[in-house]
S.K.: 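Mind having a look at this structure? Questions to follow.
Start at 1 with the first residue, then count along the sequence. These numbers were taken from a predicted model, which means no experiment stands behind them.
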Amino acid sequence: MSAAKRRSPRPPPTAPRRAHSRAAPRGSAQSLDRVALLAHQLRTPLSAINALAQGLIRRADRLGTTDIQAKAEKIWRASLRLDELIDTILSYTRATAGGIVLNPSEFNPDELIRRVCREQSGQEPSRPFQVQIRGLPEIVIGDPILLEQALVIVLSNAMKYSPPERPIDIAASRKGGMIRILVKDRGIGIPERDMAFIMQPFFRGRNAKALPGTGLGLSLAWYILKLHGGDLEIDSQEGRGTKVTMVVPQTNATGLSYSI
């Protein structure tokens, strides 16, 4: 299959609500489906934490140090997943209400990128992370907290949708007045027919429905970059992997107005 390429996909505007009463049940059903999806995604790590903690309580006197450490690590990873889900849901809710605004400050982009990569790779120590950063300015102006969140989303997706033994490539460079951060995985990729919808909130690709996720991450990352006057570019091929490029201006002190 030829590579499915689409740059700067923007979620299509929400369809206007119909005036007649028959539109309401459909909208209500869709809202219930989304709530059910979020509840299911939150329940999965909670169930893991609950089961592992109960196992520790019941077998504490029979477990060795190695077993306890292994179970504690699984609880830690499940709690990280839960925290990530809650953070994404809260941020999406704020974005739809126009509650996310930039808090610009000066920061070192090299340090931010390396720190986020180090923290994410710590969740999967056996996975190779290949980081290449060239020619970035020492100082840029933007919202480092929001940009970190966008990078975490993109890296988490790369890890989630690729086998743990396959490397993640991260390359950052400056072109003109723009910072470009490329994240490349060698995972399941995005089907070509799904590319037009991949930025829509709650949308999940056909080959990703069995994997954990809310379908909110990419739309939230896109929103954060748009607030900075930047963009999100996606290049993917099903079965071969995905390249996501975060594009952000070197200087952004005011932000722009966008909505999901």
S.K.: If I compare all heavy atoms of V140 with all of P109, which pair ends up nearest, and what's the gap?
M.R.: CG1-CG, 3.9 Å
S.K.: Any Lys/Arg nitrogen of D169 or R186 sitting under 4.0 Å from an Asp/Glu carboxylate oxygen of the other?
M.R.: yes
S.K.: May I ask you to say whether K243 pairs ionically with E233, meaning some side-chain N is under 4.0 Å from a carboxylate O?
M.R.: no
S.K.: Measuring from E111:CD to L136:CG, what's the distance to the nearest 0.5 Å?
M.R.: 11.5 Å
S.K.: Tell me whether H228 contacts the main-chain N or O of D143 through its side chain, where contact means a donor paired with an acceptor under 3.5 Å.
M.R.: yes
S.K.: Of the non-hydrogen atoms in M195 and I190, which two are nearest, and what is the gap between them?
M.R.: SD-CG2, 3.6 Å
S.K.: Measuring from atom CD of Q132 to atom CD1 of I113, what distance do you get when rounded to the nearest 0.5 angstrom?
M.R.: 12.0 Å
S.K.: Quick check for you: to the nearest 0.5 Å, what is the distance between I49 atom CD1 and W76 atom CH2?
M.R.: 12.5 Å
S.K.: With rounding to the nearest 0.5 Å, note down the distance linking CG in L146 to CG in N103.
M.R.: 8.5 Å
S.K.: Only counting residues at least two apart or in another chain, list the ones meeting side chain to side chain donor-acceptor pair (under 3.5 Å) with D67.
M.R.: none
S.K.: Within a strict 4.5 Å, meaning less than it, do heavy atoms of the Q250 and R174 side chains meet?
M.R.: yes
S.K.: Using modelled atom types only, decide if a donor and an acceptor are shared between the side chain of R127 and the backbone of M159 within a distance under 3.5 Å.
M.R.: yes
S.K.: Quick check: are there more than 12 heavy atoms from other residues, nucleotides or ligands sitting under 6.0 Å from CD1 of I145?
M.R.: no
S.K.: Return the minimal non-hydrogen interatomic distance between V131 and R114, and the atom names on each side.
M.R.: CG1-NH1, 4.1 Å
S.K.: Using modelled atom types only, decide if a donor and an acceptor are shared between the side chain of S156 and the backbone of I153 within a distance under 3.5 Å.
M.R.: no
S.K.: Can you list the residues that meet the side chain to side chain contact (heavy atoms under 4.5 Å, CB included) rule with P128, with sequence neighbours excluded?
M.R.: P167
S.K.: With sequence neighbours excluded, what pairs up with S121 under the side chain to side chain donor-acceptor pair (under 3.5 Å) test?
M.R.: none
S.K.: Applying side-chain contact (heavy atoms from CB on, under 4.5 Å), run through T245 and D231 and close with a yes or a no.
M.R.: CA-CA 8 Å; T245 303; D231 212 342; over 6 Å; no
S.K.: Please write out which residues are connected to V247 in a hydrophobic cluster, directly or through intermediates, given that two of Ile, Leu, Val, Met, Phe, Trp, Tyr count as joined at side-chain heavy-atom separations below 4.5 angstrom.
M.R.: M178
S.K.: S162 and I168: side-chain contact (heavy atoms from CB on, under 4.5 Å), yes or no, with the steps?
M.R.: CA-CA 9 Å; S162 62; I168 304 294; 3.8 Å; yes
S.K.: Take V244 and L182 through the test side-chain contact (heavy atoms from CB on, under 4.5 Å) and record every step on the way to the result.
M.R.: CA-CA 6 Å; V244 178; L182 169 68; over 6 Å; no
S.K.: When rounded to the nearest 0.5 angstrom, what is the spacing between CD1 in I179 and CD1 in I181?
M.R.: 7.5 Å
S.K.: Please check if the side chain of R59 supplies one atom and the backbone of L63 the other of a donor-acceptor pair under 3.5 Å.
M.R.: no
S.K.: Would you say L102 and P104 make side-chain contact, with heavy atoms under 4.5 Å?
M.R.: yes
S.K.: Nearest 0.5 Å, please: how far is CH2 in W222 from CG in L227?
M.R.: 9.0 Å
S.K.: For S236, which of D185, I188, T242 qualifies under side-chain contact (heavy atoms from CB on, under 4.5 Å)?
M.R.: T242
S.K.: Considering residues at least two apart in sequence or located in another chain, which fulfil the side chain to side chain donor-acceptor pair (under 3.5 Å) criterion with Q149?
M.R.: D87, S91
S.K.: With a 4.5 Å cut-off on side-chain heavy atoms, are I170 and Q130 touching?
M.R.: no
S.K.: Minimum heavy-atom separation for L112 and P144, please, with both atom names.
M.R.: CD1-O, 3.6 Å
S.K.: Suppose we screen for side chain to side chain donor-acceptor pair (under 3.5 Å). Which residues come up paired with R115, at least two apart in sequence or across chains?
M.R.: E148
S.K.: Using side-chain heavy atoms (C-beta onward) and a distance below 4.5 Å, is R166 in contact with P163?
M.R.: yes
S.K.: Check the pair L155 / F129 against side-chain contact (heavy atoms from CB on, under 4.5 Å), numbers first and verdict last.
M.R.: CA-CA 10 Å; L155 282 174; F129 263 62; 4.2 Å; yes
S.K.: A side-chain contact here means heavy atoms from C-beta on lying under 4.5 Å apart; do L147 and F107 qualify?
M.R.: yes
S.K.: If you count every heavy atom of other residues, nucleotides or ligands that lies below 6.0 Å from E138 atom CD, does the total exceed 12?
M.R.: no
